[in-house]
Amino acid sequence: MTLTLHVDGDRWRAHLRRTVEEMPGIAPVVKGNGYGFTPGRLARRAAWLGVDTIAVGTYEELPEVADRYDGSLLVLTPWRPFSPAVDPALHRRVVHTVSRLDDVAALAERQPGARVVLERMTSMRRHGLGRHDLWEASEQMRRSRLRPEGVALHLPLTRGRHLPEVRRLMEDVVGAGLARLPVWVSHLTPSELGTLRAEYPDVTFRPRTGTALWLGDRGALRVTARVLDVHAVERGDEYGYRSRTAPRGGHLLVVSGGTAHGIGLEAPTGDLSARSRAATLARGGLDAAGLARSPFWIGGRQRLFAEPPHMQASMLLVPQGAAVPAVGDEVDVRVRYTTTSFDAVVVS
Ligand SMILES: *Cc1c(COP(=O)(O)O)cnc(C)c1O
């Protein structure tokens with residue numbers, strides 16, 4: 001009621017098309033909250049983009065995207081014997097990631113003919129096979145009834161500094177006899193991808209990309225909340241679940257957006273240095289009264305929570321003298337898209 005993600009449709013779609021052109025072979029990632037858009041919406045958008053593969057984070061996410069997109073479905077979380085079984089209707093579309101030697105045989109037994117990407121450990125150290133295990137897994141795959149679909153390299157977020165590591169890992173990929181299959185990579189820039197394609201002309205690099213695709217043009221996105229109520233308060237008036245008293249006169253604003261949407265006490269932006277806090281204290285500002293910054297912006301300024309956010313709404317304190325919006329007005333909100341559930345996504 002209503003935290004809304006507004007999308008400038010023309011601008012967003014133009015950015016998506018440009019990114020797909022810049023990153024040939026891209027597998028859009030549609031996991032989690034779908035980067036704020038919902039996975040289902042992104043799956044349909046991926047179909048519109050004409051890609052042959054999308055990536056989900058977990059097996060649990062498959063049902064939400066499988067009937068909105070009809071290409072291959074790469075699961076990024078490595079398969080484990082305790083992973084939920086895949087609907088047999090999806091067996092031909094799902095590509096599993098395997099990151100431990102033992103799982104090669106276990107998956108072959110569970111789902112003969114399964115499509116598999118072998119994950120090589122990187123400096124991320126999250127999941128992956130070591131050099132020798134990659135070679136061994138490749139040998140086992142040759143003997144098993146699994147369908148090899150390439151090698152995965154999940155690289156850290158160090159933009160533009162991946163090449164030495166990728167070159168080292170490519171030696172292992174070549175050594176394991178896997179270089180004729182695609183190499184699925186994460187977090188390489190278009191220019192790094194270009195360099196690698198020139199250095200390894202026979203290898204197909206396939207970038208698995210979410211943020212740079214869906215959220216790559218922030219100017220196309222805007223988040224707003226509705227003002228649900230406005231109450232004038234005087235210094236000392238009681239309010240809220242915790243019966244605080246207003247440290248100054250002004251207005252209490254009730255706006256849509258609370259903990260259930262992922263609205264938290266910590267705002268993602270703003271100067272929180274000791275120096276700026278000291279300056280605020282000296283001015284006797286509202287945060288000196290123990291009020292925390294909110295992600296809601298009104299009149300060009302980041303406002304303070306009057307108390308911690310509620311489940312679906314938040315109370316803000318707007319000090320005397322500041323412009324007061326009316327009930328029904330929309331105010332700007334700055335949130336992390338990957339941790340926010342919007343009530344509505346409006347694409348123009
Ligand atoms: C989430 C994820 C990605 C996509 O990350 P972005 O930063 O959103 O592009 C790529 N690869 C793996 C293995 C992931 O888990």
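As the structure lists them, so they are numbered: ligands from 1, and atoms in each ligand from 1.
- Which parts of ligand 1 touch T209 is read off a 4.0 Å heavy-atom cut-off, strictly below it: atoms 9 (O).
- Of the protein's non-hydrogen atoms, the one nearest atom 10 (C) of ligand 1 is S186 OG, 3.3 Å.
- Counting heavy atoms from C-beta on, the side chains of L253 and V324 come closer than 4.5 Å.
- Here the options are V335, T4, N33, the test is side chain to side chain contact (heavy atoms under 4.5 Å, CB included), and the partner is F342; only V335 passes.
- For ligand 1, the atoms sitting less than 4.0 Å from at least one non-hydrogen atom of Y35 are 4 (C), 5 (O), 6 (P), 8 (O), numbered in the order shown with element in parentheses.
- From the protein, the heavy atom lying nearest to atom 7 (O) of ligand 1 is H187 NE2, 2.7 Å.
- Side-chain contact between H261 and D343 is present, with at least one heavy-atom pair separated by less than 4.5 Å.
- With a 4.5 Å cut-off on side-chain heavy atoms, L134 and L178 count as touching.
- In terms of protein heavy-atom proximity, atom 9 (O) of ligand 1 is nearest to G210 N, 2.8 Å.
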Checking side-chain hydrogen bond (donor to acceptor under 3.5 Å, both in side chains) for the pair S294/R303: CA distance, chi angles, key distance, verdict? CA-CA 6 Å; S294 85; R303 295 302 171 184; over 6 Å; no

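- Nearest protein neighbour of atom 3 (C) of ligand 1, counting heavy atoms only, is K31 NZ, 3.8 Å.
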Let me see the working for Y59 and H96 under ring pair (Phe, Tyr, Trp, His ring centres under 6.0 Å), right down to the final yes or no. CA-CA 9 Å; Y59 286 92; H96 304 270; 5.6 Å; yes

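- Counting heavy atoms under 4.0 Å from ligand 1, residue V29 touches it through the side chain alone.
- Set against the non-hydrogen atoms of R126, the atoms of ligand 1 under 4.0 Å away are 15 (O).
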